Number of protein chains: 2
Amino acid sequence: MVQIPNTPAPTSPSAPRSVPTSADVARLAGVSRATVSYVLNNTGAVRISEPTRRRVQRAAEELGYVPHAAARSLRAGHTRMVLMPAPPVPAGPLYSQFVHDFQGALSRLDYTVVQYGASGLHGDEAARAWAELRPVAVLVPGPGLGPQGVAVLKRAGARAVVTLGTEPVDGAHALLTDHAGVGRGAARHLYARGRRRIGVVVPEEPGLEMFSAPRLDGAREAVHGTGATVSPLPLAYTEESAAGLAARWRDLGLDGVFAYNDEYAMLLMSALQDEGVRVPEDAAVIGADDLMLSRLLRPRLSTVRIALPSARGLAELVDRAVRDPGATPESHELFEATVVQRDST
Amino acid sequence: MVQIPNTPAPTSPSAPRSVPTSADVARLAGVSRATVSYVLNNTGAVRISEPTRRRVQRAAEELGYVPHAAARSLRAGHTRMVLMPAPPVPAGPLYSQFVHDFQGALSRLDYTVVQYGASGLHGDEAARAWAELRPVAVLVPGPGLGPQGVAVLKRAGARAVVTLGTEPVDGAHALLTDHAGVGRGAARHLYARGRRRIGVVVPEEPGLEMFSAPRLDGAREAVHGTGATVSPLPLAYTEESAAGLAARWRDLGLDGVFAYNDEYAMLLMSALQDEGVRVPEDAAVIGADDLMLSRLLRPRLSTVRIALPSARGLAELVDRAVRDPGATPESHELFEATVVQRDST
DNA sequence: TTGAAAGCGATACCAA
DNA sequence: TTGGTATCGCTTTCAA
C-alpha cells in the first residue's frame, strides 16, 4: 500500500495550519528527523556538516518550529519542572516576594517553576493532579498534603517533595514556618512591656486559619502560667468590623493586642484612635511582617519581623534534594522571627 | 528473538521503584492496556463488565497508578492549560487578587491555569518557551510580546492569546489596562482642586516603568494646554528616599502630587508630614489602587480606584476565544478608573 | 556524516 | 466485552 504523506489540505491563510513538527522540518530541509534533532539540540557527540546544519536551521526558522515539550519529556523520562501549587488565598506581599525570588533562583539552576492553580481539589486528589505532570520537585505551601500525598508524588517520580508549613510531613523535606514563634514573640514582648490582658486578632477571612491559629497558640503559650490572659479577637478586614471592635474596646478591658499582622494592626489602630483609645498608653499594639507601613504609621508600629533565608539557599536545597533523592528528609526553620519595637508598644 | 519484558530488577523498598504505567496496571489486572484505559476514563462508548472494572481499579489503586499528563496530551493533540507567564516584578495586591480569582473562574470552566516562571528570557525567546508547552490559551501580562510572539504561539496551537497591557498587539485579544487614564484622572482631580504645579512620583524600582510611564504620560496629557505643570519625581520605596524628597519639597514649589499608588503615597505623605509640610493645605496628595490603607491614613488619602471586571467574565472571554479561534481579536478595557476624593486633596 | 527505527505512555479505532 | 495495534513528537542507539 502506498503511504500517502499526511499533508493537510491547503487551508485559508487565516485558518491555523497544523503545528509543524520536526518531521516537517526534516522534509523541508531534505534530511532525516534524527539530523534535525542533532542540529537543534547541538548534540555534542555527533558532528553535522555546516551546510546541513544551516539548511536545518533555515527550515526550522521558516516553519516557525517549536519543539513539543510533552513529547520531549515523555521520551526523556523526566522533566526539570518544580511545581508549586497556588495557595488557596491570594498571595500576600511576603509570599509574592518569596515566590518571585525563589523562581529566579531556581531558574538560574535551570529549573522551571510552575505555579499550578487547581482550585477545588483536596488532599490526595490534589496530589494526584500534581503527580500527573511528573514534576521533578514539588513545593507545597500550607497543610493539605499528608504522607499519602507525598507517597503518590514520589511514586510518580518526584525526586524532592518539600512542604512549607508549621510541621513536617512524613517523607518530605520541610521548610518550617514557625507562626507559633511569631505569636510567642509578640505576646512575650507585650508581657515584658507590662501588659497583662492581651488580645490576639484572629482574621475572619477564610483560609487564614492556617496562619492565625498557630499565632494565637504561640501567644497563649508565651504567657502560660504568668497570670496574664490571652483573648482571641475575631476581626474582618473591613472598617466596620474594626469600628465595632474598637467600640467594645473599653468593655473588653484589654491593655495590649497582637494584631495578627501589620495590615490588621493598621486597621485596628486606626479604629482605636478614632474611638479615642490611646496607643500605646491605653492599648499597646503590635503587628507582624515588618512591612513598610509599620514604619510609616504614627505611632510607629511595633512588629514581629519575619526574616526569610535567601531564596538562593532554598533553591540549592531543592537542587540537592533532587540530585540525591535517597537522602533523609531535612527540616529547616524558614522563619527567623524577631520583635522590632517602635512606638506602639 | 524472544522479547524480555522490561521488568526492572527488584530494588530495595526505599529506592524509588520505576513509575507505574497503565501497562503495569494491565499486567496486574490480567487485562490489556486498552481495557485499563476504558475503565479509568469511564469511556462511555465501551462497556466493561463489572468484575473486570473492579479488577482494574484495584490494580491501579494498589500500584498507586497516576496517568502521565504528557503522554496523554501528546496523544490527544491538545491540552486544557491556560498559561500565564509570571510577571517580572513581585505581584502587588491587586494583581494577586486578580490571578487568584481568574484561576478559580477558569478552574470552574475546566481549564488548568499555570503560572510559568521563566526569568531571563526575552521577547520571542520567551514566547518560544511558552509555546513548547502547547497551552490552549496564553494570558501575557505586560509588554514584551510582539506580533511575532503571538504568531509563534498560535502556530504552536494556542487557540487564544490574550495580552494584558496598555495597548493591543496584532493578532491577540487585548485586556487594556489604561494606566494613562489613572494618571489622567489623578491630574485632572488635582487641577480641579486648584493645584497648578503638580508632581508625579515615578518609582525607581526597576520593572515598574511599564506602569509608571503611562501614568505619568496620562497626567501630562490631562493638564496639557492649561498652563499647569507636571514634574516627574523619582522616588525609591525607602524612607530615606522619601525623606530626601520631602526635604527638597519647598524648593520644588509644588502644590499637588500624584504619588503613583497608595503605597508610595503613604510613604511620601508620611515624609512630608515629618517635614512639616501640611497635607492637603501645602501639598495635595492622591494615590491609586484604593487599597484599604488609603481609608486608614490620616488625612484620609484620595485615590484613583481601579475597578476590575469580574474574573468570571474574563474567564468566559478566554473560553469563547478558545472555542472560536477564528474570531477577530477583541479589545476590552480592563480598568475602570474613578477618582475617590477623601481628605488629602 | 547521515539515516532507519525503537520506544517513551496513553488512547481510540478496528477486529475478534 | 475485550485485545491488538497504530499513533502522537521527539531523542538516541545502531548501522551504513
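Proteins get letters first, then strands, A, B, ... in listed order; numbering begins at 1 in each. Predicted model only: the values in this text are computed from it and were never measured. Just so you know, these numbers use all the heavy atoms, side chains as well, and skip hydrogens, waters and symmetry mates.
- One finds a salt bridge joining R323(A) and D319(A) here, because a Lys/Arg side-chain nitrogen approaches an Asp/Glu carboxylate oxygen to under 4.0 Å.
- In terms of position along DNA chain D, the nucleotide closest to G30(B) lies nearer the 5' end than the nucleotide closest to the other residue of the pair G30(B) and A76(A).
- Among the atoms of the strands shown, base atoms are found under 4.0 Å from some heavy atom of V46(A).
- Where A71(B) and S32(B) meet DNA chain D, the nucleotide closest to each residue was compared, and S32(B) sits on the side nearer the 5' end.
- In this structure, the OH atom of Y38(B) is 8 Å from the P atom of dC13(C), given to the nearest Å.
- For D324(B) and R320(B), the salt-bridge test fails: no basic side-chain N is under 4.0 Å from an acidic carboxylate O.
- Remark: P of dC8(D) and CZ of R72(A) are 19 Å apart, rounded to the nearest angstrom.
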Worksheet entry | Audit row: S119(B), S107(A), side chain to side chain donor-acceptor pair (under 3.5 Å) steps and yes/no | CA-CA 6 Å; S119(B) 350; S107(A) 288; 3.3 Å; yes

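- A salt bridge links E50(B) and R54(B); the closest N-O separation between the charged side-chain nitrogens and carboxylate oxygens is under 4.0 Å.
- Whole-Å rounding puts the H78(B) NE2 to dT7(D) P distance at 20 Å.
- Set against dG3(C), dT11(C), dG3(D), the side chain of S37(B) has dT11(C) as its closest nucleotide.
- Helix-axis bend for the helix from dT1(C)-dA16(D) to dA16(C)-dT1(D): the local axis fitted to the five terminal pairs at one end deviates from that at the other end by 50°, rounded to 10°.
- The distance from atom CG of N41(A) to atom C1' of dG9(D) is 13 Å, rounded to the nearest whole Å.
- Judged by distance alone, with hydrogens and angles left aside, the side-chain atoms of H173(B) form a donor-acceptor pair with the main-chain N or O of E330(B) at under 3.5 Å.
- Residue T35(B) has its side chain nearest to dT2(D) when only dA4(C), dA10(C), dT2(D) are considered.
- Between R128(B) and E132(B) there is no salt bridge, since none of the side-chain N atoms of the basic residue sits less than 4.0 Å from a carboxylate O of the acidic one.
- When rounded to the nearest whole Å, the span between CG of L40(B) and C1' of dT11(C) equals 12 Å.
- Of all nucleotides listed (dC13(C), dA10(C), dC10(D)), dC10(D) comes nearest to the side chain of Y65(A).
- Going from atom CG of L74(A) over to atom P of dT12(D) covers 13 Å, rounded to whole Å.
- Between dG9(D) and S22(A), no contact under 4.0 Å exists linking OP1 or OP2 to a side-chain N or O.
- A donor-acceptor pair shorter than 3.5 Å cannot be found between the side chains of T166(B) and T177(B).
- At least one donor-acceptor pair closer than 3.5 Å links the side chain of R159(B) to the backbone N or O of V322(B).
- The distance between atom CZ of R134(A) and atom P of dG9(C), rounded to the nearest whole Å, is 9 Å.
- Here dA5(C) is the nucleotide among dA5(C), dC10(D), dT2(C) with the atom lying nearest to any side-chain atom of A34(A).
- Across all strands, T52(A) comes closer than 4.0 Å only to sugar-phosphate atoms, never to a base (heavy-atom distances).
- A straight line from CZ of R33(B) to C1' of dA12(C) spans 12 Å, rounded to a whole angstrom.
- Closest approach to the S49(B) side chain among dC10(D), dT12(D), dT2(D) is made by dT2(D) (side chain taken as heavy atoms from C-beta onward).
- The nucleotide whose nearest atom lies closest to any side-chain atom of R75(B) is, among dA12(C), dC13(C), dA6(C), dA12(C).
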